[in-house]
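What follows is a set of notes on a single structure, which appears directly below.
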Amino acid sequence: MPSRESVSYFGAGPAPLPTAVLEKASQVLLNYNDCGIGITEISHRSADAENILKDTKSALAQLLDIPTQEGPDGYKIIFLQGGGSGEFSASVYHMTALWVEKRRLEIVKELGSEDDTKVFEALRKAVDEEFKLDYLVTGSWSLKASQEAARLVGANHVNVAIDSRKSNNGKFGTIPDESKWSLTPNPAHSGMVYFCDNETVDGVEFPAFPKVDADEYNIIADMSSNFLSRKVDVKKYAAIFGGAQKNVGTTGITIAIIKNSLLTQLAKPDLLRKLNLPVGPVVLDWPTIAKNNSLYNTLPIFDVWIAGQVMQSLLSKATSSSGPKIATQQAESEHKAALLYGVLDKYSVFNVVPDKSVRSKMNICFRIGGESDRDDKEKKFLAGANERLLMGCKGHRSVGGCRISNYNAVSVEKVEKLAKWLEEFAQQQQ
Ligand SMILES: Cc1ncc(COP(=O)(O)O)c(C=O)c1O
């Protein structure tokens with residue numbers, strides 16, 4: 001039986017966690033804080049649980065330099081359940097209700113009257129003619145999010161501002177230049193611009209914040225698979241979310257960072273129903289979760305604790321006293337990715353799937369060989385990797401080939417081992 005130390009695991013998620021965190025976890029499962037009961041047994045409303053929440057939020061705020069002050073420009077950190085997929089829906093419910101209420105108030109002002117019938121008719125017309133949610137579809141996860149939006153509000157309200165497959169032979173792997181995007185031209189008609197910062201399946205990552213005016217549009221990003229891997233200018237986002245199970249912790253919680261100005265008056269459920277717009281479940285309702293310090297219902301505090309421990313370990317690695325503390329981890333992620341792409345680019349037997357300009361630093365997708373010998377070569381590579389205990393390198397079934405996930409808990413040493421096998425394999429092919 002292989003030991004934990006001897007295995008290098010590159011799975012896309014759930015993903016490896018730091019061994020020291022898991023060792024401590026095994027103790028706190030039995031006895032948390034010397035109180036004689038384990039962490040999964042304590043109340044989510046206990047002082048211990050509140051402290052875990054407070055410490056985890058504080059660590060996250062330090063890592064990403066999140067402005068957490070009260071007032072419209074501050075942000076709330078909340079923990080939810082339902083995964084990244086839950087937030088595909090939550091973002092639609094929330095941004096729809098926010099847009100409708102904003103437009104209703106404008107209409108009341110324009111008409112100079114609160115007459116319910118007149119306001120409602122004008123609002124219904126505005127929804128029908130104006131309301132859009134913009135999606136940048138650059139991979140399988142943003143595609144899924146846009147499909148969920150269409151399911152909830154109707155395809156007529158979803159504007160796919162870019163579908164990168166259209167300019168890349170039907171496959172994901174590029175992010176076309178911003179000049180080719182067709183965002184809803186009037187930002188006042190757009191409920192949000194949604195994108196996935198790192199496409200886990202396709203290995204495509206936005207190299208920088210998209211060139212969209214963040215003062216005009218509400219920008220929402222799914223960072224499930226590159227959360228805490230690099231610096232983020234939080235102030236540009238209306239909201240950021242990510243499932244914890246890749247870079248941050250165990251499966252079970254989703255972290256969302258939401259601008260206070262979004263947590264304001266929303267359209268009432270009765271009005272949304274009359275407008276044939278959806279009303280979301282309360283457990284996905286951002287204001288409800290924020291108002292209750294993420295404790296509206298039973299939160300898996302153990303998962304929050306794990307995330308907090310992972311964040312503390314990232315903080316303890318931070319070397320710079322100024323700026324976001326995640327900078328140290330970013331440098332390490334870039335170094336590990338460069339090691340892998342370096343070998344992949346050196347040998348023609350390897351073909352990295354996405355375009356060089358948008359290659360992910362977290363999920364490195366590549367094929368081996370050409371049309372005729374691909375299956376054979378990829379099988380050999382993966383078998384050799386498994387023999388060397390370099391596990392989890394098989395690509396997603398929709399892309400095929402190989403995928404190396406380079407999350408934070410994968411050490412430089414383990415990446416070096418894999419780079420060595422890539423090199424050795426390529427030389428065998430020559
Ligand atoms: C980028 C991205 N978004 C969303 C999801 C969906 O997350 P969940 O399975 O937590 O719903 C995933 C899952 O791998 C993902 O990689």
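Since we're looking at a predicted model, the values are computed, not measured. The figures that follow rest on heavy atoms only: side chains count, while hydrogens, waters and symmetry mates do not. Each ligand, and each atom within it, is numbered from 1 in the order the structure gives. Starting from 1, each residue takes its place in the sequence as its number.
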Per-atom contacts, ligand 1 versus Gln245 - under 4.0 Å to a heavy atom: 8 (P), 9 (O), 10 (O)
Gly83: numbered ligand 1 atoms lying under 4.0 Å from its heavy atoms: 10 (O), 11 (O)
Those atoms of ligand 1 less than 4.0 Å from some heavy atom in Phe88: 4 (C)
Region of Thr254 engaging ligand 1 - heavy atom pairs below 4.0 Å: neither
Met223 near ligand 1 by a heavy-atom separation under 4.0 Å: no
Ligand 1 contacted by Gly243 (non-hydrogen, < 4.0 Å): no
Atom pair CE (Met362) and CD (Glu205), whose distance is rounded to the nearest 0.5 Å: 7.0 Å
N-O pairing of Lys268 and Glu101 below 4.0 Å: no
Criterion ring-ring contact (aromatic ring centres under 6.0 Å, His included) on Tyr75 and Tyr237, from CA distance to verdict: CA-CA 10 Å; Tyr75 287 76; Tyr237 295 83; 8.6 Å; no
Atoms of ligand 1, numbered as shown, that sit under 4.0 Å from any heavy atom of Ser85: 6 (C), 7 (O), 8 (P), 11 (O)
Side chain, backbone, both or neither: Lys144 near ligand 1, heavy atoms under 4.0 Å: neither
Interfacing atoms of ligand 1 (cut-off 4.0 Å, heavy-atom, Cys196): 1 (C)
Atoms of ligand 1 close to Gly84 [distance to a heavy atom under 4.0 angstrom, numbered from 1]: 7 (O), 8 (P), 10 (O), 11 (O)
Contact (N/O only, under 3.5 Å) between Asn198 and ligand 1: no
Residue that, paired with Glu378, satisfies salt bridge (charged side-chain N to carboxylate O under 4.0 Å, His left out) out of Arg403, Lys394, Arg367: Arg367
Lys246 and ligand 1 - part of the residue with a heavy-atom distance under 4.0 Å: side chain
Side-chain H-bond candidate by donor/acceptor type, Thr250 with Asp303, under 3.5 Å: yes
Close N or O approach (Thr200, ligand 1; < 3.5 Å): yes
Carboxylate-amine/guanidinium proximity below 4.0 Å for Arg359 and Asp345: yes
